[in-house]
Amino acid sequence: MMLTPKFDTCFFERYAMVSLAALLGEHYAHLVNRDRPDLQDETQGIGIEVTRAIRENKNVNNALVNEMAGEDIKEVNAEDLRHINQSGYAYGLGDGSLVGRNEYEYWSLALPLKRILEIKMDKVNNGFYGDFREFDLFVFTKEDLDIDQIKQTIAFMQEKQAFQNRLYSRLFVSQIQALFDCDLFTGQYRKYKVSRAQRRSFYEEAIMTI
């Protein structure tokens, strides 16, 4: 079965909201879907922005939504995932800075993630999402990030946020079959596995209101 992902951003926001309540419990159990930021709990002062860091490609987008629904995933064409341009500018690295081999290869893989993190950190710092006691960022990705890459992502955000007035407290990276909960103050993280049954449940609850 292949689903046609003709959903607006509300679907992804609600999927994130349902995921957080189910996997992390009471602290995120009373979120509502609003705007700027996307998920809010006014009582606890929590604001969560939800976004996607995927390549602009129909096959990748289709695979993402099917995986969210707990469906079998067809292999994505390798060419669709080979958006690796050897120019440093393609990775946002063409600023004259020297980048180590491992870091270069990581951000080559995760270019959409790096770009979206920079954009969202700038927005929260500029007050675009208002004032909350706790700001969090929830990112859907099709990248298969390993533990070292998650650590590098945390370090990247910590370094940039060191010079900001408004900060994200937590970063949630959803690989659909797993959710990384990253504490951006301590640098610690926790990985939650998400079963197919859970994914289907999240999908059905999120799609009901579309």
Side-chain angles (χ1 to χ4, degrees), residues 9 12-13 15-17 19-20 23-24 27-28 31 35-41 44-55 64 83 88-192 194:
T9 57
F12 293 93
E13 293 160 7
Y15 194 101
M17 182 173 68
S19 301
L20 290 172
L23 298 173
L24 276 69
H27 186 64
Y28 296 104
L31 295 167
D35 189 35
R36 294 177 55 176
D38 300 309
L39 306 178
Q40 300 178 22
D41 180 339
Q44 295 193 83
I46 301 172
I48 304 176
E49 180 66 5
V50 179
T51 190
R52 285 167 285 174
I54 62 174
R55 296 179 175 91
L64 176 69
H83 289 229
Y89 288 97
Y91 308 133
L93 303 175
D95 56 2
S97 61
L98 295 177
V99 180
R101 177 180 176 84
N102 289 340
E103 182 182 357
Y104 183 91
E105 291 179 349
Y106 167 54
W107 288 119
S108 300
L109 169 73
L111 171 63
L113 177 58
K114 181 175 186 286
R115 282 182 173 168
I116 203 68
L117 292 178
E118 290 176 326
I119 291 169
K120 296 300 183 180
M121 283 187 285
D122 286 342
K123 283 189 173 183
V124 75
N125 186 48
N126 292 334
F128 185 78
Y129 301 123
D131 289 304
F132 288 85
R133 289 197 297 272
E134 175 187 337
F135 283 107
D136 301 329
L137 180 61
F138 190 109
V139 182
F140 289 100
T141 181
K142 276 294 294 173
E143 306 288 4
D144 187 17
L145 305 181
D146 61 27
I147 297 302
D148 286 341
Q149 291 167 335
I150 290 294
K151 291 179 180 178
Q152 288 176 7
T153 301
I154 294 172
F156 172 72
M157 290 191 68
Q158 287 179 319
E159 181 178 359
K160 183 174 177 66
Q161 291 197 143
F163 304 97
Q164 296 189 177
N165 296 316
R166 292 183 181 86
L167 315 176
Y168 287 113
S169 302
R170 308 190 86 81
L171 169 69
F172 303 105
V173 180
S174 173
Q175 297 177 319
I176 313 306
Q177 298 185 45
L179 176 70
F180 285 94
D181 172 14
C182 309
D183 187 322
L184 297 174
F185 293 139
T186 67
Q188 300 298 308
Y189 64 89
R190 182 172 179 180
K191 181 179 181 180
Y192 296 85
V194 185

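- For the side-chain contact (heavy atoms from CB on, under 4.5 Å) test, residues two or more places apart in sequence or in another chain that qualify with A178 are Q175, K191.
- Scored by the ring pair (Phe, Tyr, Trp, His ring centres under 6.0 Å) test, F132 finds F135 as partners (sequence neighbours excluded).
- Residue pairs meeting the salt bridge (charged side-chain N to carboxylate O under 4.0 Å, His left out) criterion with at least one partner in residues 169-181, sequence neighbours excluded, are R170-D181, R170-D183.
- Distance alone, capped at 3.5 Å, is enough to place a donor-acceptor pair between the D38 side chain and the V50 backbone.
- For the side chain to side chain contact (heavy atoms under 4.5 Å, CB included) with F180, the lone residue among T153, V139, I147, I154 that qualifies is I147.
- Here CE of M157 is found 4.5 Å from CE of M121. Values are rounded to the nearest 0.5 Å.
- Going from atom OG of S174 over to atom OH of Y192 covers 13.5 Å, rounded to the nearest 0.5 Å.
- Taking each heavy atom of D144 and Q149 in turn, the nearest pair found is O-OE1, 3.8 Å.
- Not a single donor-acceptor pair under 3.5 Å links the side chain of N126 to the backbone N or O of F128.
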- Given the rule in the side-chain contact (heavy atoms from CB on, under 4.5 Å) test, do Q177 and V194 qualify, once you have shown the distances and angles that lead to the verdict? CA-CA 5 Å; Q177 298 185 45; V194 185; 5.5 Å; no

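- Not one N or O on the side chain of E134 forms a donor-acceptor pair closer than 3.5 Å with the backbone of Q44.
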- How far apart are the C-alpha atoms of V173 and L179, what are their side-chain angles, what is the distance that settles it, and do they pass the side-chain contact (heavy atoms from CB on, under 4.5 Å) test? CA-CA 6 Å; V173 180; L179 176 70; 6.0 Å; no

- Task: Under the side-chain contact (heavy atoms from CB on, under 4.5 Å) rule, what do I46 and H27 come out as? Steps first, then yes or no, please.
- Result: CA-CA 9 Å; I46 301 172; H27 186 64; 3.5 Å; yes

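- Interatomic distance, E49 CD to L39 CG, rounded to the nearest 0.5 Å: 8.5 Å.
- Considering all non-hydrogen atoms of both residues, G47 and P37 come closest at CA-CG, 3.6 Å.
- By the side-chain contact (heavy atoms from CB on, under 4.5 Å) test, N125 is found to be paired with Q164, N165, residues two or more places apart in sequence or in another chain being considered.
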- Message: As a quick check of understanding, evaluate side-chain contact (heavy atoms from CB on, under 4.5 Å) for F138 and R52, giving each step before the final call.
- Response: CA-CA 8 Å; F138 190 109; R52 285 167 285 174; over 6 Å; no

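- Rounded to the nearest 0.5 angstrom, I119 CD1 and T51 OG1 are separated by 8.0 Å.
- The SG atom of C182 sits 10.5 Å away from atom CG of L137, with the distance rounded to the nearest 0.5 Å.
- A distance of 10.5 Å separates CD1 in I48 from OH in Y168, rounded to the nearest 0.5 Å.
- Judged as a side-chain hydrogen bond (donor to acceptor under 3.5 Å, both in side chains), and not counting sequence neighbours, K151 has no contacts.
- The side-chain hydrogen bond (donor to acceptor under 3.5 Å, both in side chains) test applied to D136 returns Y28, not counting sequence neighbours.
- Of the possible donor and acceptor atoms, none in the side chain of Q161 sits under 3.5 Å from a partner among the backbone N and O of Q158.
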